[in-house]
Amino acid sequence: MFGVWWLMGNLEGWGGPVSDTLIEQQKELQQKILERMRELGIEPVMQGFYGMVPTTLKDKLSAGIIPQGRWAGGFQRPDFLLPTDPNFKRVAQIYYQEMKRLYGDDLRHFGGDPFHEGGNSSGVDVALASSAIQKEMMQAFPQSCWVLQGWGENPGTKLLQGLDKRHALVVELFGENTDNWEKRKGYEDTPFLWCNVSNFGEKNGLYGKLQGIRTEAPDYFEIEKRWIDAPTIPSTPRISSDRYREILEQLSIGN
């Protein structure tokens with residue numbers, strides 16, 4: 001589970017060190033997963049490069065790097081390489097070249113959330129930064145779509161202002177508990193999906209407010225007219241089947 005929060009820029013590491021053997025095993029597992037997904041016609045969301053770099057990089061490279069401080073529990077967050085710095089383009093190109101080599105050139109969806117659950121954007125032109133992040137993504141994969149998490153105050157208005165919204169998608173994670181998509185007018189007219197998170201951190205408990213699913217989902221369906229676009233995206237699939245059943249019931253009512 002810690003790998004998820006690493007990719008979201010919340011923590012730089014836990015335990016370790018990571019061995020070359022483990023990295024190789026993870027690569028091979030990823031390739032097998034992608035092969036199976038392609039067989040089933042499922043498009044994956046891969047990790048995009050949005051400037052997340054090790055805290056030691058600033059000791060080795062003269063670049064515009066902004067420390068991100070600490071996350072909940074005191075975890076050290078990775079640093080942020082300014083997308084407007086020339087080194088960003090160089091790192092991004094290497095990153096996407098390797099992704100193509102390892103996983104194929106037919107990838108389309110890429111995740112990555114700058115300043116997720118905090119961080120430090122002081123002195124950053126966020127709109128310019130998000131534009132530069134998306135530019136490198138689309139240069140490597142012209143049909144790519146940047147998938148962002150609708151969580152708390154993210155993605156911020158300034159970040160969305162810098163995007164080509166034809167190639168962006170916001171996933172409203174906590175739809176059963178919040179109505180950010182309504183308050184923010186569809187995330188400032190950005191394509192988005194209403195979702196149900198159901199649980200957190202692989203904890204099996206009484207999460208996934210059924211009353212929220214029963215009220216927020218129909219509102220979304222009625223306004224957006226997208227009955228099939230209602231994913232459930234728990235931190236783990238080990239949840240009560242009632243959550244899945246309720247989502248499917250709302251979908252059947254809508255259709």
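Ion pairing of D106 with R38 is present here, as a side-chain N (NZ or NE/NH1/NH2) and a carboxylate O approach within less than 4.0 Å. A salt bridge does not link R77 with E12: none of the charged nitrogens is closer than 4.0 Å to a carboxylate oxygen. Between E35 and K32 no salt bridge is recorded (no basic side-chain N to carboxylate O distance below 4.0 Å).
N120 and Q68 form no side-chain donor-acceptor contact under 3.5 Å, judged by distance and modelled atom types alone. For the residue pair E117/W151, the side-chain donor-acceptor check at 3.5 Å is satisfied. No hydrogens or angles considered: a donor-acceptor pair under 3.5 Å links the side chains of Y187 and E172.
Put simply, L81 and L128 are part of two different groups of oily side chains (I, L, V, M, F, W, Y) that touch within less than 4.5 Å, one to the next. In the hydrophobic cluster analysis, where Ile, Leu, Val, Met, Phe, Trp and Tyr join through side-chain heavy atoms closer than 4.5 angstrom, M138 is grouped apart from V170. Cluster membership check: F115 shares its hydrophobic cluster with V4, using side-chain heavy-atom separations under 4.5 Å among Ile, Leu, Val, Met, Phe, Trp and Tyr. Hydrophobic clustering of Ile, Leu, Val, Met, Phe, Trp and Tyr side chains at less than 4.5 Å, counting indirect connections, keeps L102 apart from V18. Residues M99 and I94 fall into different hydrophobic clusters, defined by Ile, Leu, Val, Met, Phe, Trp and Tyr side chains chained together at heavy-atom separations under 4.5 Å.
Looking at Q134, its side chain does come within 3.5 Å of a backbone N or O of D164 through a donor-acceptor pair. In terms of modelled atom types and a separation under 3.5 Å, the side chain of K58 and the main chain of T55 share a donor-acceptor contact. S131 places no side-chain N or O within 3.5 Å of a backbone atom of A127 that could act as its donor or acceptor partner. The main-chain N or O of Y103 is never found under 3.5 Å from a side-chain atom of Q31 such that the two would form a donor-acceptor pair. Checking side-chain atoms of S121 against main-chain N and O of V124 turns up no donor-acceptor pair under 3.5 Å. In this structure, D179 contributes its side chain and E182 its backbone to no donor-acceptor pair below 3.5 Å.
For the pair K100 and F141, the cation-pi test (distance below 6.0 Å, angle within 45°) is passed.
Separating the NE2 atom in H116 from the CH2 atom in W71 is a distance of 7.0 Å, to the nearest 0.5 Å. Atom CD in Q149 sits 4.5 Å away from atom CG in D113 (nearest 0.5 Å). How far CG of N87 is from CG of L61: 4.0 Å, rounded to the nearest 0.5 Å. Put simply, OG1 on T190 and NZ on K165 are 3.5 Å apart, with the number rounded to the nearest 0.5 Å. Atom CD1 of residue I33 and atom CE of residue M37 lie 8.0 Å apart, to the nearest 0.5 angstrom. The CG atom of D189 lies 11.5 Å from the CZ atom of R184; values are rounded to the nearest 0.5 Å.
In Q143, the CD atom is not crowded: 12 or fewer heavy atoms of neighbouring residues, nucleotides or ligands sit closer than 6.0 Å. For E153, the CD atom counts as loosely surrounded, since its 6.0 Å shell holds 12 or fewer non-hydrogen atoms of other residues, nucleotides or ligands. Residue-environment remark: CG (D59) exceeds the threshold of 12 foreign heavy atoms within 6.0 Å.
The side-chain hydrogen bond (donor to acceptor under 3.5 Å, both in side chains) search around K60 returns none, not counting sequence neighbours. In this view, F88 and F49 satisfy the ring-ring contact (aromatic ring centres under 6.0 Å, His included) rule, not counting sequence neighbours.
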Point to revise | Trace of the side chain to side chain contact (heavy atoms under 4.5 Å, CB included) decision for Q47 with Y95 | key: CA-CA 10 Å; Q47 182 69 24; Y95 179 89; 3.5 Å; yes
Practice item. List the steps and the verdict of side chain to side chain contact (heavy atoms under 4.5 Å, CB included) for V171 and L173. Key: CA-CA 6 Å; V171 178; L173 296 182; 3.8 Å; yes
Check your understanding: Can you list the steps and then say if F110 with W146 is a ring-ring contact (aromatic ring centres under 6.0 Å, His included)?
Key -> CA-CA 5 Å; F110 297 89; W146 187 359; over 10 Å; no
Point to revise | Derivation of the side chain to side chain contact (heavy atoms under 4.5 Å, CB included) call for Q139 and Q93 | key: CA-CA 9 Å; Q139 185 168 327; Q93 288 178 346; 3.8 Å; yes
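Nearest heavy-atom pair across H109 and E43 is CE1-OE1, 3.1 Å. Residues P78 and M52 approach most closely at CB-CG, 3.5 Å, considering heavy atoms. When every heavy atom of S130 is checked against every heavy atom of L159, the shortest pair comes out as OG-O, 2.8 Å. Residues Y50 and L7 approach most closely at OH-O, 2.9 Å, considering heavy atoms. In terms of heavy atoms, I66 sits closest to S122 at CD1-O, 4.0 Å. Shown here for L34 and P44, the closest heavy-atom pair between the two residues is CD2-CG, 3.5 Å.
Of the residues T56, I65, L57, the one that meets the side-chain contact (heavy atoms from CB on, under 4.5 Å) test with D79 is I65.
Side-chain atoms of L193 and L169, non-hydrogen and from C-beta on, do get closer than 4.5 Å to each other. In this structure, T157 and V126 have side chains that are not in contact, with every pair of non-hydrogen atoms separated by 4.5 Å or more.
Ring pair W14/F75: centre-to-centre distance below 6.0 Å.
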